[in-house]
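Throughout, protein chains are lettered first and strands after them, A, B, ... in sequence-line order, and every chain is numbered starting at 1. Only heavy atoms go into these numbers, but all of them, side chains included; no hydrogens, no water, no symmetry mates.
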There are 2 protein chains.
Amino acid sequence: MPLENPFYTAEMQGEYELHAIGRFELEEGGVIEDLQLAVATYGELNEAKDNAILIPTWFSGTHATWWQVYIGEGRALDPTKYFIIVVNQIGNGLSTSPHTTDDPSIAMSKFPNVRIGDDVRAQEQLLRETFGIERLALVVGGSMGAQQTWEWAVRFPDKVLRAAPIAGTAQNTPHDFLFTKALLDAITSDPGFAGGEYASHSDVVDGLKRHADIWATMGLTTDFWKTEFWRGIPPLVEGLGWETFEEFQENFIRLIFSMMDPNALLVMGWKWQRGDVARNTGGDLAAALGRITAKVFVMPIEQDMFFPPRDCEAEQALTPNSELRLLHSIAGHFGLFGFEPSYLDEVDSHLKDLLATEA
Amino acid sequence: MPLENPFYTAEMQGEYELHAIGRFELEEGGVIEDLQLAVATYGELNEAKDNAILIPTWFSGTHATWWQVYIGEGRALDPTKYFIIVVNQIGNGLSTSPHTTDDPSIAMSKFPNVRIGDDVRAQEQLLRETFGIERLALVVGGSMGAQQTWEWAVRFPDKVLRAAPIAGTAQNTPHDFLFTKALLDAITSDPGFAGGEYASHSDVVDGLKRHADIWATMGLTTDFWKTEFWRGIPPLVEGLGWETFEEFQENFIRLIFSMMDPNALLVMGWKWQRGDVARNTGGDLAAALGRITAKVFVMPIEQDMFFPPRDCEAEQALTPNSELRLLHSIAGHFGLFGFEPSYLDEVDSHLKDLLATEA
C-alpha cells in the first residue's frame, strides 16, 4: 500500500503527467512491470519535431526547480521556442518509486537497483513512443541530471545534438561514491528506518536530518555560511524563518530533506554512486566520451566540493567538440537551486550560445 | 573506572610523560580537580631557555604524527637545536580524558566542556611551572593545533616570538561548525553510544565508522581517491592491506577511528566548533589578530575542504607581521599526516624561514 507523503504531489512540485511505458527490464536484472515516468512539459513540439529539449532530474529533486528558476520566456530554456520535457528520474518519488508503487514485489525495501542507463533508456523510449521525438536539440541536467545527460550523449549519439552537463560527471569518482555512502548511511542507521519497511517517512526523521547535515557541509561552501548568504533566502514556510545559521539549517535544509522518502533517496543514491558512461565501452572512459557527436558544454560550478571543476575538466578534455564553461555560485553545488541571478544569467548565456551552434 | 583502550598507550603513540598541573577551572565553568597533561619532549632546553618550540595537537591526534614525520635532525623541527614540547590537548585520550579519569565527577558523559583557551592556559602554566619557559621560539600546530597556535599568539603575545598555524583558523567558521556537528552526530546517534556511558569504545563501532566515512569525504580530496594515491600508503596492520578504495577506507580510515574513544572525540569536537580568538576582544576578530606581535606564517593546504586557503588568507590579511605560505598536498587536510615528501619539504622550508627571522 503506497505511503502518504505530501511532498510528492503536484501541489508541492508543480503539475506533471504520468506516462506508463510498460514492462521495463533493468540492467541489474530487476524488472518494473509497469514503469511510470512522471513528466512535465513546457511549450509545444513543432511539426518537424526538432525543437525538443530534455531535462533529467537530480538527486532528491523533481521537475520543480526547473520550471521555477530555469524555464521562462526570454530565457535559454524558452517554452515559446522549445518543447521542454522534464522527466523525473526513476525512484525519485514521482516516477515509479518504492513508497508509491502498487506492486508489492517492488515496494519499499524490495525496490530493485536502478542505473543511470536505465533512466536514459526509459526516457528514450518515452520520447520515441509518446512524442515521436527522434532527435533532441539539447539535453541539459544538473548533478545526477548531468550523469544522465552524459549517458544520453554516449549511448545515443545520433539523437543528441547538444548536451550540457552541469555540475556532474560522466564517470562518478570514488570520492563521490564515499560521500554518497555517508549520506545514505545516515538514513539507514536510523533505527526508525527498519530495514526500509518504515510505516511513515517521519519515522526516519532523525536519519533524514543527519543526511541533511552532511549536505549542509558538502553541498554548500565555507563562503556561503561565512557571508551569511542565507539571510537573503526566503522562508520555505511562512513564519518559519531564521536569524542564525543553525536556524537556517533547521528550517531550510533539514526541513526539506525531512519531507522526503528515505527509500527514494536510497534508490537515487545507489544509482548516483555507480554512474559511469564507460560501462558502454568495456570500462574505457576515453572511448565512451570519444563516441559523443553532440556539441557539449561542460559546466561545473567553481566551488563545488564533490563535482569540482578539475574532475569535470578532465572529462571535457576527452570529449570531442566540447567546451568548458565554468559557472560561479557562492552556494557551490547547491548553486543549482538558482539562488543568484548572476548564476542564472551565466547558465542562460552559455545555454543560448550552445543552442545557437550549428548541429 | 577507566576504560581499557590500547590506542591510548605509549606503545601505540610513542613515549610521553604525564604532568599534573593541579585544580584547573575551565572557561565554561567546569573544574578538573587534577588536570594531567600528556607531554612528549624532544631535545634539550638550553640555559637561556630560548630554544623552546611548542606543538599543540589536532582533533583525534596525539604527539605521534609529530615525532613520526615532522621532528628530526636536519629538519626544521630539529631536536638537536630545539627543545620541542608536544602537549596533547585536554580530552584527547592521553591528557585528562573522559574514559581515563579516576574522578567520577568528570568521567565519561560528565566530562565538562573545554575550550581552546583552556588548553592554551594549561599549556602556559605547564611551560612556566614545569620547565621555567617564559618565551617560545615558535608555536606550530595543524588543524585544532592551529586553533591553539592562534590562541597562543593572541592571548600571550609577549610569550610567542613566532607562530605557524597550519591548516586551521583563528575563528572557526559556521561551515566547520556544521561539519563537526555531522561528525559528532554520527557517533552520538549510534544506540551503542548510550548517552556517553558505553562499556567499551567498541560498542560504538558503527558510529565511529560512520564518523570515519565523513572524514574520508571531507578530510581528503577527489584527487586523492581518483589517482588511487592510497596504493602507496603502507598498511597500519601487517597483512591488512587493500586492493580497492573501499578496502582502504575499511582497513585504514575506519580502522583508525574505530580504535578511538567516542567521548574523547566529542570533547575535542565541541572545542573545535567554538575555537575563536575574538573571545579575547569582545568578538572583534580584527582587534584580536591585531594584538599579535609574533612573526606569523599562515599555512593553509591548497585543497583543504574545510579550512580552505581563502578562509586562512582572510585572517592572514588581518595579522600584522604575517605571511601566507601555501602548502600543497593531494590529500587535502589529511596532508597533515605527511604522506608526501614534497609536502614535508614545503613545511620544513617554511618553518626554517620562519625560525630564521629576527624576533
Side-chain angles (χ1 to χ4, degrees), chain A residues 169 171-192 206-207 209-230 244-246 248-250 253-254 273 303-312 314-315 330 332, chain B residues 169 171-192 206-207 209-230 244-246 248-250 253-254 273 303-312 314-315 330 332:
Chain A
T169 53
Q171 184 174 63
N172 204 39
T173 66
H175 177 268
D176 255 46
F177 186 97
L178 291 166
F179 166 45
T180 311
K181 182 176 191 312
L183 282 170
L184 303 184
D185 287 350
I187 294 173
T188 57
S189 62
D190 184 337
D206 291 343
K209 285 184 177 182
R210 287 197 296 276
H211 176 96
D213 289 348
I214 299 174
W215 273 116
T217 302
M218 284 289 289
L220 291 157
T221 68
T222 64
D223 270 2
F224 174 91
W225 293 105
K226 204 163 157 184
T227 61
E228 304 190 342
F229 185 87
W230 42 265
T244 65
F245 73 89
E246 291 99 330
F248 172 74
Q249 173 61 6
E250 189 66 35
I253 302 181
R254 283 180 153 206
Q273 288 181 300
Q303 289 194 54
D304 193 324
M305 291 216 261
F306 55 97
F307 289 118
R310 79 173 66 211
D311 287 348
C312 301
E315 295 183 339
I330 198 170
Chain B
T169 53
Q171 182 173 64
N172 204 39
T173 66
H175 177 269
D176 255 45
F177 186 95
L178 291 166
F179 166 45
T180 312
K181 182 175 191 311
L183 282 171
L184 303 184
D185 288 351
I187 294 172
T188 57
S189 63
D190 184 336
D206 291 343
K209 285 185 175 181
R210 288 197 297 276
H211 176 96
D213 289 349
I214 300 174
W215 274 115
T217 302
M218 285 289 289
L220 291 156
T221 69
T222 64
D223 270 2
F224 174 90
W225 293 105
K226 204 165 156 182
T227 61
E228 304 190 342
F229 185 87
W230 43 265
T244 65
F245 73 90
E246 291 98 332
F248 172 74
Q249 173 59 9
E250 189 66 35
I253 302 182
R254 283 181 153 205
Q273 289 182 298
Q303 289 195 55
D304 192 324
M305 291 216 261
F306 55 98
F307 289 118
R310 76 172 68 211
D311 287 347
C312 301
E315 295 182 339
I330 197 169

Rounded to the nearest 0.5 Å, the CE atom of A:Met218 sits from the CZ atom of B:Phe306 at a distance of 11.5 Å
The interface call for B:Lys181 against chain A, heavy-atom contacts under 4.5 Å, is side chain
Whatever's closer than 4.5 Å to a heavy atom in chain A on B:Gln171 counts as neither
Residue set satisfying salt bridge (Lys or Arg N to Asp or Glu O under 4.0 Å) with B:Asp206, at least two apart, ordered chain then number -> none
Okay, A:Phe177 and chain B: the region with an atom under 4.5 Å from a heavy atom over there is side chain
All heavy atoms of A:Lys226 vs all of B:Thr173, minimum pair found to be CD-CG2, 4.1 Å
For B:Thr222, the side chain to side chain contact (heavy atoms under 4.5 Å, CB included) test, sequence neighbours excluded, returns A:His175, A:Pro308, A:Asp311
Minimal heavy-atom distance between A:Trp225 and B:Pro174, with the atoms involved, is O-CG, 3.5 Å
message = With heavy-atom distances below 4.5 Å as the criterion, would you say the side chains of A:Phe179 and B:Asp213 are in contact?
response = no
Turns out that what part of B:Asp223 lies under 4.5 Å from chain A's heavy atoms comes down to side chain
Answer key: most heavy-atom pairs under 4.5 Å with chain B among A:Ser189, A:Pro191, A:Ala186, A:Ala314 is A:Ser189
Residue from B:Asp176, B:Leu183, B:Asp190, B:Thr221 scoring the most non-hydrogen pairs under 4.5 Å with chain A is B:Thr221
d(A:Leu178 CG, B:Phe248 CZ) to nearest 0.5 Å is 10.0 Å
When the 4.5 angstrom heavy-atom criterion is applied to A:Glu246 and chain B, the contacting part is side chain
Point to revise | Non-hydrogen side-chain atoms of A:Ile214 and B:Ile214 separated by less than 4.5 Å | key: yes
